[in-house]
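One structure is given below, encoded as structure tokens.
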Amino acid sequence: MNIEFNGDEWYDHQRRKVVWFRATVDDKVIDCGVSLKALTDHYGAFQDDPLPAFRGHRDAIRHAAAKLITDRRFEDDGTVIVRSKDLD
């Protein structure tokens, strides 16, 4: 399984309070996210602007997302969400 992350990232503050990013897995695009709670719990993110915390810890978050993809732990809608429990 080949997992590559691209540079797209955006914050959905209205619906799910998640910073989203994309992974390409064997030519299929998967929306991945990290919860605002995980960002505040682990990286001290500001609720009104969590992107700096995401960008400062992008590698660790992508690593956690890759593990969820490899373990096939998808949400019902096919996305992958990194939560506090998924970060070391």
Side-chain angles (χ1 to χ4, degrees):
M1 177 180 302
N2 183 33
I3 302 171
E4 293 182 26
F5 294 96
N6 64 31
D8 290 350
E9 54 196 47
W10 65 100
Y11 177 49
D12 179 0
H13 65 280
Q14 294 177 349
R15 190 173 61 125
R16 290 174 83 173
K17 295 188 179 183
V18 169
V19 172
W20 291 101
F21 54 102
R22 290 203 167 108
T24 303
V25 182
D26 300 329
D27 297 323
K28 180 180 176 186
V29 176
I30 297 174
D31 285 334
C32 302
V34 58
S35 72
L36 178 59
K37 182 167 178 15
L39 288 169
T40 56
D41 287 351
H42 291 272
Y43 307 123
F46 295 109
Q47 293 207 12
D48 59 337
D49 188 15
L51 285 172
F54 171 82
R55 291 176 181 140
H57 301 280
R58 184 182 284 130
D59 290 342
I61 294 165
R62 286 179 173 178
H63 178 77
K67 180 162 179 21
L68 292 172
I69 292 167
T70 301
D71 293 347
R72 308 194 62 71
R73 291 180 41 207
F74 297 96
E75 301 293 310
D76 291 341
D77 63 0
T79 61
V80 169
I81 305 292
V82 176
R83 293 182 166 72
S84 281
K85 66 182 180 182
D86 301 312
L87 296 171
D88 298 321

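The model shown is predicted, which means the values in this text are computed figures rather than measured ones.
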Locate the shortest heavy-atom distance separating [X] from [Y]; write the atom from each residue and the value.
X	Y	result
Val80	Ala65	CG1-O, 4.1 Å
Gly33	Val18	CA-CG1, 3.5 Å
Leu36	Pro50	CD1-CB, 3.7 Å
Ile81	Ser35	CG2-N, 4.4 Å

- Query: With sequence neighbours excluded, what pairs up with Asp71 under the side chain to side chain contact (heavy atoms under 4.5 Å, CB included) test?
  - Reply: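 For Asp71 the side chain to side chain contact (heavy atoms under 4.5 Å, CB included) partners, ignoring immediate neighbours, are Lys67, Arg73.
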Quick one: are Thr70 and Ile3 in side-chain contact, heavy atoms under 4.5 Å?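 Heavy-atom side-chain distance check passes, below 4.5 Å.
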(request) Taking the side chain as every heavy atom from C-beta outward, state whether Cys32 and Leu68 have any atom pair closer than 4.5 Å. (result)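 They are not in side-chain contact.
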Which residues pass the side chain to side chain donor-acceptor pair (under 3.5 Å) test with [X], sequence neighbours left out?
X	result
Thr40	none
Glu4	Asn2
Asp8	Arg22

All salt bridge (charged side-chain N to carboxylate O under 4.0 Å, His left out) counterparts of Asp76, not counting sequence neighbours:
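With sequence neighbours excluded, Asp76 shows a salt bridge (charged side-chain N to carboxylate O under 4.0 Å, His left out) to no residue whatsoever.
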### Query
Any ring-ring contact (aromatic ring centres under 6.0 Å, His included) pairs touching residues 33-62, not counting sequence neighbours?
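Only Phe21-Phe54, Tyr43-His57 qualify under ring-ring contact (aromatic ring centres under 6.0 Å, His included).
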Hey, could you give me the [atom1]/[atom2] distance between [X] and [Y], rounded to the nearest 0.5 Å?
X	Y	atom1	atom2	value
Asp31	Trp20	CG	CH2	6.0 Å
Leu39	Leu87	CG	CG	8.0 Å
Ile61	Phe5	CD1	CZ	10.5 Å

Inset, instruction - Decide if atom CD of Glu75 counts as having more than 12 heavy atoms of other residues, nucleotides or ligands within a radius under 6.0 Å. - result: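 Yes.
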Check: Is Phe74 reachable from Val29 through a run of I, L, V, M, F, W or Y residues, each pair having side-chain heavy atoms under 4.5 Å apart?
Finding: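 No, because Val29 and Phe74 fall into different hydrophobic clusters, even though each may have its own neighbours under 4.5 Å.
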**OP:** With sequence neighbours excluded, give me every salt bridge (charged side-chain N to carboxylate O under 4.0 Å, His left out) pair touching residues 47-57.
**Re:**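 Every pair satisfying salt bridge (charged side-chain N to carboxylate O under 4.0 Å, His left out) with a residue in residues 47-57: Glu9-Arg55.
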**Request:** If a pair satisfies salt bridge (charged side-chain N to carboxylate O under 4.0 Å, His left out) and one of its residues is in residues 32-44, list it, with sequence neighbours excluded.
**Result:**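 Those involving residues 32-44 are Lys37-Asp41.
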